[in-house]
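Below is one structure; the comments refer to it alone.
These figures come from a predicted structure and were not determined experimentally. Note that ligands are numbered from 1 as they come in the structure, with each ligand's atoms numbered from 1 the same way.
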Amino acid sequence: MTISLPTNSKMLTKEFTFGVATASFQIEGATSADGRLACIWDTFCATPGKVLNGDDGSKACNHYNLWQEDVQLIKSLGVDAYRLSIAWPRLMDEKGQANEKGIEFYRNLLKSLKAEGLQTFVTLYHWDLPQYLEDRGGWVNRETAYRFVEYAELATKELGEWVDSWATFNEPFCAAILGYEYGIHAPGLTSPKYGRQAAHHILLAHGLALPVIRRNSPNSQVGIVLNMNRTYPASAKSEDQFAALVRETLDNQFFIEPLLKAQYPKLLEKVLPDHLPTVLPGDMDIISRPIDFLGMNFYTCNHNEFDENTLFKDVKSKQQVEYTDIGWEIAPHAFSELLINLNEQYSLPPMFITENGAACADVMVDGEVNDEQRVRYLNGHINAVNDAIEAGVDIRGYFAWSLMDNFEWAEGYSKRFGLCYVDYDTQKRTIKRSGKAYKALLESRS
Ligand code: FCB
């Protein structure tokens with residue numbers, strides 16, 4: 001099994017960027033080194049019952065110390081670009097003063113990536129909010145948006161020279177809704193009122209930071225990364241269709257509509273008015289400021305049926321389908337469909353697929369990991385991107401999640417998403433069969 005594209009695919013030309021992605025908290029470890037402050041995920045991990053097996057980020061992949069080896073690993077995969085995130089609590093202290101040691105770490109890393117000829121895609125916020133800000137209300141507090149702008153100011157001033165592309169936020173849905181509405185991610189709050197208000201403040205912070213980033217880093221592209229699933233009605237019944245529509249509205253449209261149409265979905269005014277945040281005059285103009293690209297993370301699809309109390313409910317597909325080790329349905333057709341639908345509904349900026357990948361129950365046998373399911377997953381989804389491009393969607397790049405196995409949030413280290421296997425005891429990295437297949441695809445480019 002290989003990963004291959006039609007020979008005339010636009011994805012095989014120089015204009016298309018292939019990369020691998022990671023995030024600070026998931027790989028760095030060294031959570032108290034060199035002045036790094038605590039973040040909400042340190043606190044969440046330390047709260048019994050929140051993260052599987054009580055795992056935490058203190059060691060992770062020890063990337064903070066092994067970054068030079070990791071740059072070589074990235075290079076050895078033959079990719080064009082590396083997507084990483086910066087840990088806010090490493091960069092500045094509680095008073096907003098720069099932490100030179102933290103800045104130096106990212107400066108060295110970025111310089112080294114550039115020296116290797118790699119493009120750098122940097123996310124400012126991949127969920128590691130400093131705990132002192134959560135203590136003041138976190139994203140539910142509008143003030144946090146202004147603190148984010150100060151952080152963005154510092155990060156882009158100090159590091160902008162080595163960054164090709166800045167994303168303000170990774171997945172506002174997960175940061176706000178999983179964190180403040182469903183409570184399954186840090187900080188673990190559970191109210192739609194909090195979740196939707198947190199989302200609004202994250203989107204506001206994004207818009208407020210845009211001119212700051214552009215001023216400090218004029219040669220970089222600037223955008224934001226959203227995650228989206230396609231939701232199918234469990235049956236042809238109109239109530240199930242309604243359920244799927246509400247679900248996609250809450251998960252997808254709630255985030256893309258303010259960015260591209262300066263409004264929250266009208267449907268919510270009628271069906272779930274308590275899921276609409278408080279918006280101050282001028283906010284929507286700030287949130288909808290133009291972006292250079294939209295990042296899209298895609299993993300799976302949902303099936304929903306109507307539920308009297310909650311309006312929608314997850315059910316399993318009635319078809320014979322395949323799941324990954326994290327229980328997510330493998331649905332590449334949903335990926336192309338989602339991208340094509342969005343392109344019909346919105347005037348989309350250029351798109352990058354900033355994450356896509358599979359958790360598999362990988363085992364190392366005689367020094368090799370034969371992750372055949374991941375190879376098939378990647379092949380299916382990379383071809384789904386190609387289908388969307390053929391249908392007219394302007395997609396400029398694809399990043400596999402992830403460079404290596406890492407801390408998978410509430411699942412701890414139990415779920416492996418890497419193209420490279422990590423032995424957490426020895427910190428040895430081994431390129432899996434999927435990593436080799438990805439590399440072979442990239443090498444097949446003329
Ligand atoms: C996404 C996150 C990423 C990773 C993948 C599996 O939602 O952005 O950090 O955990 O899921």
Exercise. What about His126: any of its N or O atoms under 3.5 Å from an N or O on ligand 1?
Worked result: yes
For this session: Return a yes/no value for Trp401: is any of its N or O atoms, backbone included, closer than 3.5 angstrom to an N or O of ligand 1?
Result: no
Exercise. Does any donor atom in the side chain of His333 or Glu337 lie under 3.5 Å from an acceptor atom in the other side chain?
Worked result: no
Exercise. Are the aromatic rings of Phe352 and Tyr398 close, with centres under 6.0 Å apart?
Worked result: no
Give the atom numbers and elements of ligand 1 that come within less than 4.0 Å of a heavy atom of [X].
X: Phe417; result: 6 (C)
X: Trp409; result: 3 (C), 4 (C), 9 (O), 10 (O)
X: Gln26; result: 3 (C), 4 (C), 9 (O), 10 (O)
X: Glu408; result: 4 (C), 6 (C), 10 (O)

Which residue and heavy atom of the protein sit nearest [atom], plus the separation:
atom: atom 7 (O) of ligand 1; value: Glu171 OE1, 2.6 Å
atom: atom 2 (C) of ligand 1; value: Glu355 OE1, 3.3 Å
atom: atom 5 (C) of ligand 1; value: Tyr299 OH, 3.2 Å

For this session: Could you check Trp67 against Tyr106 for ring pair (Phe, Tyr, Trp, His ring centres under 6.0 Å), going step by step and ending with a plain yes or no?
Result: CA-CA 10 Å; Trp67 64 271; Tyr106 292 109; over 10 Å; no
For this session: Only one of Arg416, Lys415, Arg433, Lys432 passes salt bridge (charged side-chain N to carboxylate O under 4.0 Å, His left out) with Asp362; say which it is.
Result: Lys432
For this session: If the plane angle is over 60° it's perpendicular, under 30° parallel, otherwise tilted; pick one for Trp88 and Tyr151.
Result: parallel
Exercise. Using the ring of each side chain (for Trp, its six-membered ring), is Phe18 parallel, tilted or perpendicular to Tyr438, with breaks at 30° and 60°?
Worked result: perpendicular
Problem set entry | Test: Lys316 cationic atom under 6.0 Å from Tyr323 six-membered ring centre, within 45° of axis | yes
Exercise. So is Lys415 in contact with ligand 1, going by heavy-atom distances below 4.0 Å?
Worked result: no
Exercise. Do Asp251 and Phe173 touch side chain to side chain, with heavy atoms closer than 4.5 Å?
Worked result: yes
Exercise. Relative to ligand 1, is Asn170 under 4.0 angstrom through side chain, backbone, both or neither, heavy atoms considered?
Worked result: side chain
